[in-house]
K.L.:
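Dumping the structure here so I can ask a few things about it.
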Amino acid sequence: MLSSLASMSWNCQGIGSDLTVYRLRKIISKISPDILFFMKTKNQEEKVLKHFRSSDFINHFLVPPIGLSGGLSLSWKDSVHLEILSSSANCIDTSIQVNNKIFFVLYVYESPNREDRAQLWENLTLLDLSRNDSPWLITGDFNDFLDNSETIVLGTSPLGGFFSLFLKLHLAEWHLGPPTFRKLLIKERYPI
């Protein structure tokens, strides 16, 4: 039985390149995650899964890309009790059981187009209402930022809908590792 769980989310921007494959192998050997979430795989199932053939990741759930855009891949070791609840082009919703406790994890890759984000954010609001008092973790790439310190681009537009969503859902962020690592968002009243 697992006593802890390591999960990693990575916007790999195409899982087929030599550099991405090299980094994937380094990550698996160094961090040894139990769950891997890749965003923007840009490849069909066969090409994505071939990179896991000689690994401990025997369970997979994939959302295919549309053409060469998007694509999600969630892989986990057999020791992880993970159930897929739903999925779309932008997210995979799961429940995970560790030490007889169940919590939810939503793996997200938000559209880089601001106009397309409103629907997912509305769905997250509805999902939040359905979760009642259950622990919930959201991880991935929201293609937005919570404050201007998260970007080095000069002249960026004011904070968008993500900041409003963050406040509306009463999320808290965890800073993990160096600034280049994406933050995890959790329901602040639920320590995991």
K.L.:
Quick one: pull up CD in Q97 and CG in L5 and give me the separation to the nearest 0.5 Å.
P.N.:
12.0 Å
K.L.:
I'd like to check S134 versus F103 (side-chain heavy atoms, cut-off strictly below 4.5 Å). Are they in contact?
P.N.:
no
K.L.:
Is there a donor-acceptor contact under 3.5 Å from the side chain of S73 to the main chain of F38?
P.N.:
no
K.L.:
Rounded to the nearest 0.5 Å, how far apart are CG of N123 and CG of N90?
P.N.:
9.5 Å
K.L.:
In sequence, state the C-alpha distance, the side-chain angles, and the governing distance for F57 and I28, and then conclude on side chain to side chain contact (heavy atoms under 4.5 Å, CB included).
P.N.:
CA-CA 10 Å; F57 296 94; I28 290 173; 4.0 Å; yes
K.L.:
Can you list the residues that meet the ring-ring contact (aromatic ring centres under 6.0 Å, His included) rule with Y109, with sequence neighbours excluded?
P.N.:
none
K.L.:
Test side chain to side chain contact (heavy atoms under 4.5 Å, CB included) on S87 and F61; report intermediate values, then the result.
P.N.:
CA-CA 9 Å; S87 68; F61 184 85; 3.4 Å; yes
K.L.:
Kindly indicate whether the side chain of C12, heavy atoms from C-beta on, has any atom under 4.5 Å from the side chain of K40.
P.N.:
no
K.L.:
Could you tell me whether L19 atom CG has more than 12 heavy atoms of other residues or ligands within 6.0 Å of it?
P.N.:
yes
K.L.:
Which value, rounded to the nearest 0.5 Å, describes the distance between L36 atom CG and L74 atom CG?
P.N.:
8.5 Å
K.L.:
How close do Q44 and P64 get, counting heavy atoms only, and between which atoms?
P.N.:
OE1-CB, 3.8 Å
K.L.:
Please round to the nearest 0.5 Å and tell me the distance separating atom CD1 of I96 and atom CD1 of I102.
P.N.:
11.0 Å
K.L.:
Indicate the atoms forming the closest heavy-atom contact of P65 with G70, along with that distance.
P.N.:
CB-O, 3.5 Å
K.L.:
For a salt bridge (charged side-chain N to carboxylate O under 4.0 Å, His left out) check, start with the C-alpha distance between D93 and R131, then their side-chain angles and the critical distance, and finish with the verdict.
P.N.:
CA-CA 12 Å; D93 189 26; R131 293 283 148 95; 2.4 Å; yes
K.L.:
Could you walk me through whether L72 and T41 satisfy the side chain to side chain contact (heavy atoms under 4.5 Å, CB included) test, starting with their C-alpha distance in whole Å, then the side-chain angles of each, then the deciding distance to 0.1 Å, before giving a yes or no?
P.N.:
CA-CA 6 Å; L72 306 175; T41 60; over 6 Å; no
K.L.:
For the OG atom of S32 and the CD1 atom of I27, what is their distance to the nearest 0.5 Å?
P.N.:
12.0 Å
K.L.:
In terms of the angle between their ring planes, are H60 and F52 parallel, tilted or perpendicular, with boundaries placed at 30° and 60°?
P.N.:
tilted
K.L.:
Can you find a pair of side-chain heavy atoms, one from W76 and one from S7, that are under 4.5 Å apart?
P.N.:
no
K.L.:
Would a 4.5 Å heavy-atom cut-off, applied to side chains only, mark L127 and W136 as touching?
P.N.:
yes
K.L.:
Would you say V108 ends up clustered with L85 if hydrophobic residues are merged whenever their side chains have heavy atoms under 4.5 Å apart, either directly or through other cluster members?
P.N.:
yes
K.L.:
Between E46 and R53, which heavy-atom pair has the shortest distance, and what is it?
P.N.:
O-NH2, 4.5 Å
K.L.:
Spell out, yes or no, whether I58 and I35 are grouped together once hydrophobic residues are joined by side-chain heavy atoms under 4.5 Å, including indirect joins.
P.N.:
no
K.L.:
Answer whether the closest heavy-atom distance between the side chains of L82 and N59 falls below 4.5 Å.
P.N.:
no
K.L.:
Less than 4.5 Å apart, side chain to side chain, heavy atoms only: is that true for T94 and Y107?
P.N.:
yes
K.L.:
With sequence neighbours left out, what residues match S69 under side-chain contact (heavy atoms from CB on, under 4.5 Å)?
P.N.:
none
K.L.:
Report yes if some heavy atom in the side chain of W10 is under 4.5 Å from a heavy atom in the side chain of T20; otherwise report no.
P.N.:
yes
K.L.:
Shared ILVMFWY cluster between V48 and V21, side chains joined below 4.5 angstrom?
P.N.:
no
K.L.:
Is there a donor-acceptor pair closer than 3.5 Å between any side-chain N or O of K77 and the backbone N or O of P33?
P.N.:
yes
K.L.:
Quick one: OG1 on T139 to CG on L106, what's the gap to the nearest 0.5 Å?
P.N.:
9.5 Å
K.L.:
Sub-3.5 Å donor-acceptor pair from the side chain of S29 to the main-chain atoms of K26, do we have one?
P.N.:
yes
